[in-house]
Peer 1: 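This is the structure I have questions about; it appears just below.
Reckoned from all heavy atoms, side chains included, excluding hydrogens, waters and symmetry mates.
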Amino acid sequence: MKILARHLTVDLFNCKNSKLKDIDQIKAYTTELPGHFALTKISECSEHLTENHYAIMMLFREGHMVLHIYTKLKYVAIDIFLCQENAEPEHIAKEMRDFFKPDKTKTTLLKRGDFGSAKDIRPKVKTRVAPLRKIHNTGAKVLRVLARRNRP
């Protein structure tokens, strides 16, 4: 398979950053972000879509990034597409997690490109849930199993 790009989607739930409603501060932060990762910004725009929904879009020579910020829900959806075989959009996502401070995170990484034969077209998807959520889910499963065992 010839990988042409890596596409990462990130869902940030229950963000704790008190500046979540300060769209100007978020725009200032995202404007500086490409420089930290040697990305060449071509253009940027932001839109106030509804009272509680903002979108920030950035086009890079190497790909693009889109953020949808839902202030009332404390939720941020991020889409990072980098047109490089060895791109690491996870590093950008980590920095954004540090900024928004979510309780839970879900990431999905897609490798994009030429998959070769027709039977190999199905993309390989890698999805991760934040470690705290895994611990909680595992703990709940253990408790259910123990409760079943202790029934008379």
Side-chain angles (χ1 to χ4, degrees), residues 1 3-113 115 121-147:
M1 176 174 101
I3 297 171
L4 299 176
R6 295 179 187 270
H7 188 175
L8 183 72
T9 62
V10 184
D11 295 292
L12 305 176
F13 302 96
N14 198 23
C15 294
K16 300 294 185 193
N17 188 331
S18 60
K19 306 287 193 244
L20 192 63
K21 293 183 181 180
D22 186 352
I23 197 66
D24 291 328
Q25 182 182 12
I26 295 170
K27 285 194 295 190
Y29 168 75
T30 57
T31 298
E32 294 176 10
L33 196 61
H36 299 174
F37 298 98
L39 298 171
T40 308
K41 185 169 47 168
I42 296 172
S43 68
E44 174 181 3
C45 75
S46 61
E47 292 292 328
H48 187 180
L49 302 172
T50 67
E51 181 181 343
N52 295 302
H53 181 193
Y54 295 87
I56 298 174
M57 296 156 269
M58 301 177 87
L59 180 62
F60 311 121
R61 186 167 310 285
E62 302 83 5
H64 71 266
M65 181 172 70
V66 180
L67 283 83
H68 284 272
I69 302 153
Y70 296 86
T71 57
K72 193 172 186 178
L73 298 173
K74 298 180 181 179
Y75 170 76
V76 179
I78 305 168
D79 178 53
I80 306 167
F81 184 89
L82 298 177
C83 304
Q84 301 163 326
E85 182 176 352
N86 59 349
E88 295 179 324
E90 299 91 341
H91 294 303
I92 299 170
K94 183 192 178 318
E95 191 161 318
M96 298 193 90
R97 281 192 310 268
D98 292 344
F99 179 80
F100 287 109
K101 300 175 178 45
D103 273 350
K104 295 186 292 183
T105 303
K106 179 183 176 192
T107 61
T108 303
L109 179 65
L110 296 167
K111 294 177 183 175
R112 309 293 294 271
F115 290 90
I121 287 234
R122 199 171 106 212
K124 293 169 179 57
V125 178
K126 182 177 180 182
T127 299
R128 268 191 238 141
V129 177
L132 290 177
R133 192 68 180 153
K134 284 184 182 177
I135 292 168
H136 173 75
N137 290 345
T138 302
K141 287 177 187 175
V142 168
L143 290 174
R144 284 193 299 270
V145 168
L146 290 174

Peer 1: About how many Å separate CG of Asn14 and NZ of Lys104, when rounded to the nearest 0.5 Å?
Peer 2: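 Those atoms lie 8.0 Å apart.
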Peer 1: Which pair of heavy atoms, one from Ala87 and one from Arg6, lies closest together, and at what distance?
Peer 2: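 Scanning both residues completely, I find the closest heavy atoms to be O-CD, 2.8 Å.
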Peer 1: Drop me the distance from Glu32's CD to Glu95's CD, to the nearest 0.5 angstrom.
Peer 2: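 Going from the CD atom of Glu32 to the CD atom of Glu95 covers 9.5 Å.
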Peer 1: Once you round to the nearest 0.5 Å, how far does CG of Asn52 lie from OH of Tyr75?
Peer 2: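 Separation between the atoms: 15.0 Å.
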Peer 1: Roughly how far apart are Phe60 CZ and Lys41 NZ, rounded to 0.5 Å?
Peer 2: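 Those atoms lie 8.0 Å apart.
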Peer 1: Measure the spacing between OG1 of Thr9 and CG of Leu110 and express it to the nearest 0.5 Å.
Peer 2: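 Rounded to the nearest 0.5 Å, the OG1-CG separation comes to 6.5 Å.
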Peer 1: Do Thr31 and Glu44 pair up side chain to side chain, a donor and an acceptor below 3.5 Å, judged on atom types alone?
Peer 2: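 Looking only at side-chain atoms, Glu44 and Thr31 do form a donor-acceptor pair, the distance falling under 3.5 Å.
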Peer 1: Work out which heavy atom in Ala5 is nearest to a heavy atom in Cys83; give both atom names and the distance.
Peer 2: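 Taking every non-hydrogen atom into account, CB-CA, 3.7 Å.
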Peer 1: Roughly how far, to the nearest 0.5 Å, is the CD1 atom of Ile80 from the CG atom of Leu33?
Peer 2: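 Taking CG in Leu33 and CD1 in Ile80, the distance rounds to 8.0 Å.
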Peer 1: Minimum heavy-atom separation for Thr30 and Pro34, please, with both atom names.
Peer 2: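 What the structure gives for the nearest pair is O-CD, 3.1 Å.
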Peer 1: Compute whether any side-chain donor of one residue and acceptor of the other, for His64 and Asp79, lie under 3.5 angstrom apart.
Peer 2: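 Note: His64 and Asp79 side chains meet the donor-acceptor criterion.
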Peer 1: Walk me through it: do Phe100 and Leu67 pass the test side chain to side chain contact (heavy atoms under 4.5 Å, CB included)?
Peer 2: CA-CA 12 Å; Phe100 287 109; Leu67 283 83; 4.0 Å; yes
